[in-house]
Visitor: 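Sending over a structure as structure tokens; questions will come in a sec.
A quick note: this is a predicted structure, and the numbers were derived from the prediction, not measured.
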Amino acid sequence: MPWFGLCQTAFAAGTANGATQNGRIGTQSVNADYRKVDLHFGRPATNSPQASAIHSERDKNSWPIAARYDPGRETNHQRNSMKIVSVSARNVGVPLAVPTRIATREIRARHYLLVSVRTESGIEGVGYAYSGTVGGDTLVKSVDDIIAPLIIGEDAHDTSGIWARVYQEGLLAGRRGLLIRALSAVDVALWDAKAKEVGLPLATYLGGDVHRPVPAYASGGYYLAGDDNPVTSVIREIELNREHGFTDHKIKVGGLPVAEDAARITAAFDVIGNSGRLSIDANNAYRTVPEALAAIRAFERAAGDHQIWWYEEALSPDDVAGHADLVRRVDTPIATGEIHQTRWDFRQIIEQRAADILQVDVGVVGGITEYLKVAFTAETFGLPLAPHWHANVHAQLAAASTNTMVVEHFLLDKDIYNFERLLTEETRLRYADGNVVLSDRPGIGIEFDEEAISSYNERLG
């Protein structure tokens, strides 16, 4: 169907009138509960001691934002002061205490690309992206050899123009893949600098509200090395999530035989009961639509009377038609998008109706500039977002949007997604009662812990 034809589909209609059919958006499957609650940030504010303590700490240490940005008072000197004078990049590897795996690979350490952009006025914007388990040094070279020479001397305000120039000049180096991940980190740093220039949190800079709690779910359920009782492990992890105030959860599937993964799902729902939700993530485990269908049918039976929140990345990210087939044939909502890059990848997903939920990743898609384009397009077609990883940035973007249903959060003690080990403790994301709580710090709100970074570099170097 042509792009303009989608305007007349049930995607937009389902959102406009709020109608659902068997819990589906228009003709597409989505749990009706989250459309009423999560998508509109409708969870009631709580007065729990944990939430009150977080808000009190944030208010006590809040950054002054009384001096608002007034474009009418801007001078040429101020515009020139945002000229980019340096771009630096480094790869940092953070080992896991216990090796873990997903359906398709083993993970012993996570590598992150850290970027700093400095302007003529001395403002430093920072950004980051996940490099993966290999290839981190290649991302650094992409920044040093391709991106930095193109943007030094440019105005940091011009994020759209900078993005377009780097993409065009880098077509032969990689219009997808590592170059776009590197561009993602640089683009985040530019937006961080722009928001810092006017003393505003990114969410506020984008028109949102940092005082609005952002719904989050507890992610995990990985396959740990040496785990001889995966069912018990899932039970313990769900209980841990609940102790930390989370009611919604995600676990991995696809790394064990279907029957064994089904037993883990049953065990998880036994703990969750009717007080929360469970999504499952296959990490591209299944090679064909029939294989993915057989798995989800077994998982739905294992869930009993409970509905699985969503079924994530069942197939290869390149199998857009296969995901569209699953959307048509499966009651459980289909989610994908975490490995997709640029607005053009997401155009295919939307045009082919290949997802009920889009899982955009700001560190993969092309940064905040590209993320916003995808988010606005998704909103137009009534598609909710559940962004992948990077809650520190995604919570800012969620607080400035109306179609982000939830963000993904990892307890640092799980030692799975360990990016926050590279941040100062005071700038790590706070959470309470199933929400993440933003601070008033300007920009994306993070500060790199240079001592920790040096320690990890020495350990792996």
Visitor: Kindly say whether G366 contributes a backbone atom to a donor-acceptor pair with the side chain of S184 at under 3.5 angstrom?
Guide: yes
Visitor: How long is the straight-line distance from CG of L397 back to CG of L202, given to the nearest 0.5 Å?
Guide: 5.5 Å
Visitor: Take atom CG in L172; do more than 12 heavy atoms of anything else shown fall under 6.0 Å from it?
Guide: no
Visitor: Nearest 0.5 Å, please: how far is CG in L190 from NZ in K194?
Guide: 8.0 Å
Visitor: Are the side chain of D192 and the backbone of V126 linked by a donor-acceptor contact shorter than 3.5 Å?
Guide: yes
Visitor: Between L278 and I251, is any pair of side-chain heavy atoms under 4.5 Å apart?
Guide: yes
Visitor: Could you tell me whether H409 and Y217 have their ring centroids closer than 6.0 angstrom?
Guide: no
Visitor: Check for a donor-acceptor pair, side chain of Q396 on one end and backbone N or O of A203 on the other, with a separation under 3.5 Å.
Guide: yes
Visitor: Are the aromatic rings of Y371 and W191 close, with centres under 6.0 Å apart?
Guide: no
Visitor: Quick one: are the ring centres of H390 and Y417 less than 6.0 Å apart?
Guide: yes
Visitor: Under 3.5 Å, is there a donor-acceptor pair between the side chain of R181 and the main chain of Y130?
Guide: yes
Visitor: Does a side-chain heavy-atom distance below 4.5 Å link V362 with H394?
Guide: yes
Visitor: I'd like to check the side-chain contact (heavy atoms from CB on, under 4.5 Å) partners of P99; sequence neighbours left out, ordered by chain and number.
Guide: E106, R108, A225
Visitor: Is the backbone N or O of W309 less than 3.5 Å from a side-chain atom of R277, with the two atoms forming a donor-acceptor pair by type?
Guide: no
Visitor: Between K83 and E154, is there a side-chain N and carboxylate O pair less than 4.0 Å apart?
Guide: no
Visitor: Mind checking whether Y112 and F419 have ring centres under 6.0 Å apart?
Guide: yes
Visitor: Should V186 and V143 count as side-chain neighbours, where that means a heavy-atom distance under 4.5 Å?
Guide: yes
Visitor: Charged N to carboxylate O under 4.0 angstrom, K141 versus D137?
Guide: no
Visitor: Under a 4.0 Å threshold between the charged nitrogen and the carboxylate oxygen, would E124 count as salt-bridged to R118?
Guide: yes
Visitor: Measuring only between side-chain heavy atoms, which start at C-beta, is E447 closer than 4.5 Å to R441?
Guide: yes
Visitor: Is the shortest distance from a Lys or Arg side-chain nitrogen in D449 or R421 to a carboxylate oxygen in the other one below 4.0 Å?
Guide: no
Visitor: Is there a donor-acceptor pair closer than 3.5 Å between any side-chain N or O of N418 and the backbone N or O of V94?
Guide: yes
Visitor: Return the CG to CZ distance between L423 and R428, rounded to the nearest 0.5 Å.
Guide: 7.0 Å
Visitor: Distance check, rounded to the nearest 0.5 Å: E408 atom CD versus Q359 atom CD?
Guide: 7.5 Å
Visitor: Using side-chain heavy atoms (C-beta onward) and a distance below 4.5 Å, is I147 in contact with V87?
Guide: no
Visitor: Working to the nearest 0.5 angstrom, can you tell me the gap between R90 CZ and I453 CD1?
Guide: 4.0 Å
Visitor: Calculate, to the nearest 0.5 Å, the distance between atoms OG and CZ belonging to S401 and F376 respectively.
Guide: 8.5 Å
Visitor: Around E451, counting heavy atoms of other residues, nucleotides and ligands shown, do more than 12 lie under 6.0 Å from its CD?
Guide: no
Visitor: Does a side-chain heavy-atom distance below 4.5 Å link T159 with D187?
Guide: yes
Visitor: Hey, does the side chain of E313 reach the backbone of E338 with a donor-acceptor pair shorter than 3.5 angstrom?
Guide: no
